[in-house]
2 protein chains.
Amino acid sequence: MEPPRVPRLKDVAAAANVSVSAASKILRGDQSRFGEDTCRRVAEAAKRLGWRRNLLVSGIQTGRTQTVGVMIPPYDSFWVNVLSGIHRRLAEADYLPITVWQGDLDHMPHFEADEQEGVRQINRLLDRRVDGLIMWPSFGLAYEDHLADLHEKNVPVVVIDHSSDNPFCDAVTTNETQATKAVAKHLLDLGHRRIACISTRESKSQTWALERRDAFENAVHQQPDAQCMSWRLNPIGSNGVEVARELLGSELRPSAVFAVTDHEAACVYEAAASLGLSIPADLSVVGFADLDFAVSMAPPLSTVRQRPLEIGAHAASMVLDRLNGPLAGEPLGCAKIDADLILRESTGPARR
Amino acid sequence: MEPPRVPRLKDVAAAANVSVSAASKILRGDQSRFGEDTCRRVAEAAKRLGWRRNLLVSGIQTGRTQTVGVMIPPYDSFWVNVLSGIHRRLAEADYLPITVWQGDLDHMPHFEADEQEGVRQINRLLDRRVDGLIMWPSFGLAYEDHLADLHEKNVPVVVIDHSSDNPFCDAVTTNETQATKAVAKHLLDLGHRRIACISTRESKSQTWALERRDAFENAVHQQPDAQCMSWRLNPIGSNGVEVARELLGSELRPSAVFAVTDHEAACVYEAAASLGLSIPADLSVVGFADLDFAVSMAPPLSTVRQRPLEIGAHAASMVLDRLNGPLAGEPLGCAKIDADLILRESTGPARR
DNA sequence: ACGGTCTGTTCAAGTAGTTTAGCAAGGCTG
DNA sequence: CAGCCTTGCTAAACTACTTGAACAGACCGT
């Protein structure tokens, strides 16, 4: 019925009474070769008609869409904040993230189980010619071979929270070493010498658990007269409380426990309660993650808070830098973002 | 250095030894004019080279990018789940949402304050030629005039959780009437006859508050011998506890309170505690929203849980339907999604 | 031998814009 | 007054792909 609703460049050119190519150049900012009056006329016509450059066209011409694919599920507030960081940083550069999600706040997706769906997701992004990709660890693992593909197609990929030795993508993770060192220092400063670390099952998608335990053990051993015992959750079943009870009931009961996650810390709380141990008088506990429930535990849990906004922002910066300039030819790397030890009421001086 | 990393259609055509236009037609599924063998050859070549149609090109040709702009901040778990619903529904139709965020889990953005930034956001989406738009209420309010623009450009817009009388967009909201009716029925069934409703300040960006209170009053008045008193928070300051204490200390103290939001319910809890009233023995309380803290209140709060996933999915369906088919010429509308009353321990039978 | 069908080709134009090369008019210099 | 440069602009080719028209060779039946 009506003529095209969205104004085209040629409409602007016609309105300003110049050729299309002149209008194109002027609107790109190449004013040098044109008269002042012409430039004004074109700019005004564009504004009056509400013309906007079609980025799809720029996309097919330059091969850049100013767009980054993001594959991160909104699993918990940590990841939501990572997304916020990504959005913020990309917006500054006038880029836009395109997110694919699966699952929701209650259900973590398992792409290992449904590889087809994951490939479909990646392709939805690639079909729109995203300039780069940011992924969460599970993807990074499940699609290692696809990553090689992307690398070859010159699409930079950044994986968050999973340092891999895979040579096809950059990574950004929490600085586990710095964070656990801070935990160890805090406990040692309080006088604790018999310290335990309770870890998860350390499956291969939880490289951070291993890393945390390792770094923590090392940090404790810096102190000559301190000892560190490590326990892991059962490989099958989730009976964290059982493991914690075993730990606390052992001959040489530790006076402090570092839990690799707040979840495990909660198990320690429960085990301590069932054994009549009071926190922090008999036992100091430190968690990791500062999950929602950490503040409202009794007593409030001292824990490590990561910096999801910063992590997201850094991941975004990495793909932008690979894309234009700074990191162009550089070897792939892994950025470590510091975390903060939040002291609450679950730690106290060691009894002597 | 090397030839283009991403395979072009002409590469596929060359590999299969056919013309570009033949390859194009065959890969679009127009097999009628071609031999079985040729079709197989082309399909195989495309697969081998990893060719994928460039959606940017389809976008400029058809005017459809299979993409929907979403302007919703990750303010709390409700909105995150709305986003999940949108993602899910769009993915089914092979569409992708492009989200613009501002603020994060802790900081709600105020676009009323910074209109420039909001316009920039909309333009970032429009420049990428999104087929439709889904917005949260604040946007809908702040940019009413821009909505007219979009309407004229034939870009369908759906606003969530804000029923407006503005004639340029569809809306989907929680069915406040059904939900509050359920609350009223529950309280009346328990024998309560003197019931209060405590609302927010009912600013103009909180149309839902007004709607809830209205619908609730109506529902209570269905019962001839029941009375309903309504209180609102102070227009300035946020002293909800004060208001609640006034309410509970009044001559004719209600035996049940419906709070328009869990936040107000929390105020009622605090006021009740300070007056020595026990819940639910002396006072029944029902909230609205089922915010994170509702379960862990003492006693656990009975509240209304909305269906964010369904709301998101429905919003997505609406833009898809406007785009292709079902809703094409239809008048704009407002879909109401039912909510569920979650009974916990904050309500009990009325004393007689 | 002739028309018809099947299978494929090439050509051209379209999408919305960018970019390179080049042309014409005018002023300035030698 | 020719030669040259600058200014101001345009034509045409390019991006990746779609679509329609026209056409050509092989094979079929009559």
Side-chain angles (χ1 to χ4, degrees), chain A residues 3-43 45-46 49-67 126-131 153-154, chain B residues 3-43 45-46 49-67 126-131 153-154:
Chain A
R5 323 303 215 101
V6 188
R8 317 276 176 231
L9 182 57
K10 67 179 173 200
D11 302 326
V12 177
N17 206 21
V18 295
S19 72
V20 188
S21 44
S24 170
K25 270 178 221 155
I26 290 170
L27 288 169
R28 297 230 105 198
D30 176 15
Q31 305 218 335
S32 59
R33 306 259 301 156
F34 297 92
E36 200 177 306
D37 182 64
T38 318
C39 292
R40 214 185 21 69
R41 248 173 34 237
V42 172
L49 297 179
W51 180 83
R52 295 234 108 221
R53 172 170 294 106
N54 187 335
L55 280 191
L56 300 179
V57 176
S58 313
I60 78 168
Q61 287 170 340
T62 64
R64 289 290 172 81
T65 51
Q66 312 254 82
T67 264
L126 259 29
D127 288 353
R128 284 160 179 89
R129 296 300 187 264
V130 293
D131 294 337
K153 285 181 181 166
N154 246 339
Chain B
R5 324 303 213 100
V6 188
R8 317 274 177 233
L9 182 57
K10 67 178 171 197
D11 302 325
V12 177
N17 207 21
V18 294
S19 70
V20 184
S21 44
S24 170
K25 279 170 205 159
I26 289 170
L27 287 170
R28 297 235 108 197
D30 175 17
Q31 305 219 335
S32 59
R33 302 259 303 155
F34 301 91
E36 202 177 304
D37 183 62
T38 316
C39 293
R40 215 183 21 69
R41 246 171 39 235
V42 171
L49 297 180
W51 181 81
R52 298 232 107 222
R53 172 169 296 107
N54 188 335
L55 279 191
L56 299 180
V57 175
S58 313
I60 78 170
Q61 286 171 339
T62 63
R64 289 287 172 83
T65 51
Q66 313 255 80
T67 264
L126 258 29
D127 288 353
R128 285 162 178 88
R129 297 299 188 262
V130 294
D131 294 337
K153 285 181 181 166
N154 245 338

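Just so you know, these numbers come straight off a predicted model, no measurement behind them. Chain naming here is simple, since letters A, B, ... match the order of the sequence lines and numbering starts at 1 in each.
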Nearest-Å distance for atom pair [atom1]/[atom2], residues [X] and [N]:
{"X": "B:Ile60", "N": "C:dA16", "atom1": "CD1", "atom2": "C1'", "value": "5 Å"}
{"X": "A:Leu56", "N": "C:dT18", "atom1": "CG", "atom2": "P", "value": "13 Å"}
{"X": "B:Arg8", "N": "D:dC14", "atom1": "CZ", "atom2": "P", "value": "15 Å"}
{"X": "B:Asp11", "N": "D:dC17", "atom1": "CG", "atom2": "P", "value": "9 Å"}
{"X": "B:Asp127", "N": "C:dG17", "atom1": "CG", "atom2": "C1'", "value": "14 Å"}

Under 4.0 Å between a side-chain N or O of [X] and OP1 or OP2 of [N]?
{"X": "B:Arg129", "N": "C:dA16", "result": "no"}
{"X": "B:Ser24", "N": "D:dT18", "result": "yes"}
{"X": "A:Trp51", "N": "C:dG17", "result": "yes"}
{"X": "B:Arg28", "N": "D:dC17", "result": "no"}

Next item on the list: Sequence neighbours left out, what passes salt bridge (charged side-chain N to carboxylate O under 4.0 Å, His left out) with B:Arg41? Give chain and number order.
Entry: B:Asp37
Next item on the list: Could I get the full list of side chain to side chain donor-acceptor pair (under 3.5 Å) partners for B:Thr67, not counting sequence neighbours?
Entry: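 Applying side chain to side chain donor-acceptor pair (under 3.5 Å) to B:Thr67 gives A:Arg128.
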Show every donor-acceptor pair shorter than 3.5 Å between a side-chain atom in residues 51-61 of chain B and any protein atom, with sequence neighbours excluded, or say none if there are none.
from, atom 1, to, atom 2, distance (Å)
B:Arg52, NH1, A:Asp127, OD1, 2.9
B:Arg52, NH1, A:Asp127, OD2, 2.6
B:Asn54, OD1, B:Leu56, N, 2.9

Margin query: Please report the end-to-end axis angle for the helix from C:dA1-D:dT30 to C:dG30-D:dC1, five pairs per end, rounded to 10 degrees.
Written below: 70°
Quick one: which protein N/O atoms are closer than 3.5 Å to N/O atoms of nucleotides 7-10 of chain C? Pair and distance per line, please.
from, atom 1, to, atom 2, distance (Å)
C:dG8, OP1, B:Thr38, OG1, 2.3
C:dG8, OP2, B:Gly35, N, 2.0
C:dG8, OP2, B:Thr38, OG1, 2.9
C:dG8, O6, B:Arg33, NH2, 2.3
C:dT9, OP1, B:Ser19, N, 3.3
C:dT9, OP2, B:Ser19, OG, 3.4

Item checked: For B:Pro7 against B:Gly50, the heavy-atom pair lying closest together ->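 Answer, listing the atom of B:Pro7 first, then B:Gly50: CG-O, 3.8 Å.
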Next item on the list: Supply the atom-to-atom distance A:Asn154 CG to A:Asp131 CG, rounded to the nearest 0.5 angstrom.
Entry: 11.0 Å
Note to self: Would you say NZ of A:Lys10 has more than 12 non-hydrogen atoms from neighbouring residues, nucleotides or ligands within 6.0 angstrom?
What the structure shows: no
Show me the donor-acceptor pairs, under 3.5 Å and distance only, between side chains in residues 16-30 of chain B and residues at least two apart or in other chains.
from, atom 1, to, atom 2, distance (Å)
B:Ser19, OG, B:Ala22, N, 3.2
B:Asp30, OD1, B:Ser32, OG, 2.9

Notebook entry, point to check: What nucleic acid atoms does B:Leu9 come within less than 4.0 Å of, heavy atoms only: base, sugar-phosphate, or nothing?
Noted result: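 It contacts sugar-phosphate atoms only.
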